Amino acid sequence: MLDLSQFQSTGAQTCFHGRHLKPQIYAGLDGRNWRLADYVERGGYQALRKILGADGGPGLTPEQVIAEVKLSALRGRGGAGFPTGLKWSFMPRAFPGAKYLVCNSDEGEPGTCKDRDILMFNPHIVIEGMAIAAYAMGIGAGYNYIHGEIFEVYERFEAALEEARAAGFLGDKLLGSAFSFQLHAAHGFGAYICGEETALLESLEGKKGQPRFKPPFPASYGLYGKPTTINNTETFAAVPWIIRNGGQAYLEAGKPNNGGTKIYSVSGDVERPGNFEVPMGTPFPVLLEMAGGVRRGRTLKAVIPGGSSSPILPAAQMMDCTMDYDSIAKAGSMLGSGAVIVLDDSRCMVKSLLRLSYFYTHESCGQCTPCREGTGWLHRMVHRIEHGQGRLEDIDLLNSVADNIQGRTICALGDAAAMPVRAMVKHFRDEFVHHVEHKTCVVPAYV
């Protein structure tokens, strides 16, 4: 769906429209098929030409573009799953001053590696998607905020921007129309918190990346205090296909309320980890089979379905799920960014939680007391249990501390730290008890 037919990936097998593609060897930073000429040959920028009337047609009004995106049931691919067309309709088109469009490419969620591959191997699809979005909302300038630890991706996107400007797909009076759109790349600083949209805006303004209180929301007070719309990389990458083929076709490629395809980053205990693009609503066992199944023929134990911030689900629950927002939510977790972390029966849940709790302690910006103090408290308790110094009361105390973090912070990082703790204790309490009573892990060792 995102035109990844030329997608290349290291040691992974990629899927397009549910079909396996022949794996290709990663060709380095000068890899093939990402240039403007390659993208145009695959139908690139046809959607932009269509809405601007540059293909000889009548063009589309901004209202028509937003209507197609609403019809498609495209939901934000960064984690929240908010309806994209509805978000675009919040932008006050009649606002007389500057308005901004921002792409959130600050991909820092453990387990997620899709956005950087889109930008590396198909950057023009994001540029076209952003230009279409800007036209729909009457926006004249945009930024792509790229995660600070993937500098080669930033350089690739800059090169694609230069190609697009030279060809008239960006800049003043796009393709001879009255619409102008300037797009720039911004290099982040590697902080996980900058993936939160308002912390990202603070960082773009040159300030410390810390979340803002909401309201006001970015649609009314965003970058430099002006109305701003923020979407994820994969979200923008879906837009050109929707405009070329219609919102109804995109909706039918997925399922009701979950239109289109989704890229899942499958990692952990599987034979072929990598990025897989499949229709929304694909059964989890099908996705697992695409990734080669559980490694070495071992037994599936649990799955983190949407990145490290989403609650873990035991194997039996996960095998009954389809990969879409509603099904995963009904099971008690979140689809999130689509980072599927597979754990086999050799994995200790206490040790896994120790690693997760360390990450959130390290990445908390420190602005909110519940998060600043609570994440450290959680990590110290899990560390104590893992190393044979825990008490039975620590298990319930973990839940209590998590309860006092969740829902009590400015941004969702506190929730991201608390929800995995509560889910681990809920589904694998016996392992925590075993650690306390026997001062050892219930599984012999990592294999």
Side-chain angles (χ1 to χ4, degrees), residues 11-13 79 108-114 263-276 278 282-323 327-329 331-360 378-379 382-383 385-387 395 398-399 402 416-435 440-447:
Q13 191 154 353
E109 181 86 350
T112 312
C113 55
K114 62 183 177 64
I263 299 177
Y264 296 95
S265 302
V266 184
S267 64
D269 299 321
V270 292
E271 292 289 351
R272 294 196 303 272
N275 287 318
F276 300 83
V278 298
T282 296
F284 171 73
V286 174
L287 181 62
L288 181 62
E289 183 181 355
M290 288 178 178
V294 182
R295 61 168 189 159
R296 304 178 194 174
R298 300 193 72 101
T299 301
L300 180 67
K301 183 174 184 177
V303 177
I304 302 174
S308 65
S309 60
S310 62
I312 195 168
L313 292 176
Q317 272 188 269
M318 195 65 206
M319 292 299 283
D320 289 335
C321 287
T322 57
M323 299 306 295
S327 177
I328 300 297
S333 188
M334 304 183 303
L335 189 67
S337 60
V340 181
I341 304 172
V342 176
L343 303 174
D344 68 22
D345 57 353
S346 72
R347 298 297 175 180
C348 167
M349 294 296 106
V350 178
K351 191 165 187 177
S352 299
L353 182 58
L354 177 62
R355 185 60 194 159
L356 289 178
S357 63
Y358 171 78
F359 173 80
Y360 288 107
L378 290 174
H379 176 254
V382 179
H383 186 276
I385 294 171
E386 169 64 19
H387 290 86
I395 301 173
L398 280 171
N399 266 329
M419 289 189 294
V421 171
R422 299 177 66 183
M424 286 279 197
V425 172
K426 174 184 176 182
H427 295 300
F428 299 99
R429 188 183 184 94
D430 57 327
E431 292 198 28
F432 289 82
V433 172
H434 189 279
H435 270 79
T440 186
C441 184
V442 71
V443 295
Y446 285 132
V447 178

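None of these values were measured; they are calculated from a predicted model.
Each of Arg296, Arg295, Lys301 was compared with Ser346 under the side chain to side chain donor-acceptor pair (under 3.5 Å) criterion, and only Arg295 meets it.
Here Phe359 pairs with Tyr192 under the ring pair (Phe, Tyr, Trp, His ring centres under 6.0 Å) rule; sequence neighbours left out.
At least one side-chain heavy atom of Phe284 sits under 4.5 Å from a side-chain heavy atom of Val340. You'll find the side chain of Pro305 stays beyond 4.5 Å of the side chain of Met334, heavy atoms only. Annotation: side chain of Phe428 is not in contact with side chain of Val442 (no heavy-atom distance under 4.5 Å). Taking the side chain as every heavy atom from C-beta outward, Ile385 and Leu353 never approach each other to under 4.5 Å.
Contact detail for Pro420 and Leu356: the closest heavy-atom pair is CB-CD1, 4.3 Å. In plain terms, the two heavy atoms of Met419 and Ser309 that are nearest each other are CE-O, 3.6 Å. Scanning both residues, Val270 and Ala291, for their nearest heavy atoms gives CB-O, 3.7 Å. Closest heavy-atom contact between Ser337 and Glu109: OG-CG, 4.0 Å. Listed here is the closest heavy atom pair of His435 and Cys348: CE1-SG, 3.3 Å. Among all heavy-atom pairs drawn from His434 and Thr440, the shortest one is ND1-O, 3.2 Å.
Put simply, OG1 on Thr299 and CG on Leu343 are 13.5 Å apart, with the number rounded to the nearest 0.5 Å. Rounding to the nearest 0.5 Å places CE of Met349 at 11.5 Å from CD of Glu386. Distance CD/Glu431 to CZ/Arg347: 12.5 Å, rounded to 0.5 Å. Note that OG1 of Thr112 and CD1 of Ile263 are 12.0 Å apart. Values are rounded to the nearest 0.5 Å. In this structure, NE2 in His383 is found 6.0 Å from CG in Leu354, a value given to the nearest 0.5 Å. Note: Leu288 CG to Phe276 CZ = 9.5 Å, rounded to the nearest 0.5 Å.
In this structure, the side chain of Tyr360 does not engage the main chain of His379 through any donor-acceptor pair within 3.5 Å. A donor-acceptor contact shorter than 3.5 Å links the side chain of Asp269 to the backbone of Asp344. Not one N or O on the side chain of Ser333 forms a donor-acceptor pair closer than 3.5 Å with the backbone of Ala329. Remark: side-chain polar atoms of Asn275 are paired, donor with acceptor, to backbone N or O of Cys113 under 3.5 angstrom. Side-chain N or O atoms of Ser327 include one that pairs as donor or acceptor with a backbone N or O of Thr322 at under 3.5 Å.
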Please tabulate, for the side chains in residues 310-320, all donor-acceptor contacts under 3.5 angstrom to protein atoms that are two or more places apart in sequence or on a different chain.
residue : atom : partner : partner atom : Å
Ser310  : OG   : Gly306  : N            : 3.0
Ser310  : OG   : Gly307  : O            : 2.8
Gln317  : NE2  : Ala331  : O            : 3.0

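More than 12 heavy atoms of other residues, nucleotides or ligands lie within 6.0 Å of CZ in Arg429, so this atom counts as buried by the packing criterion.
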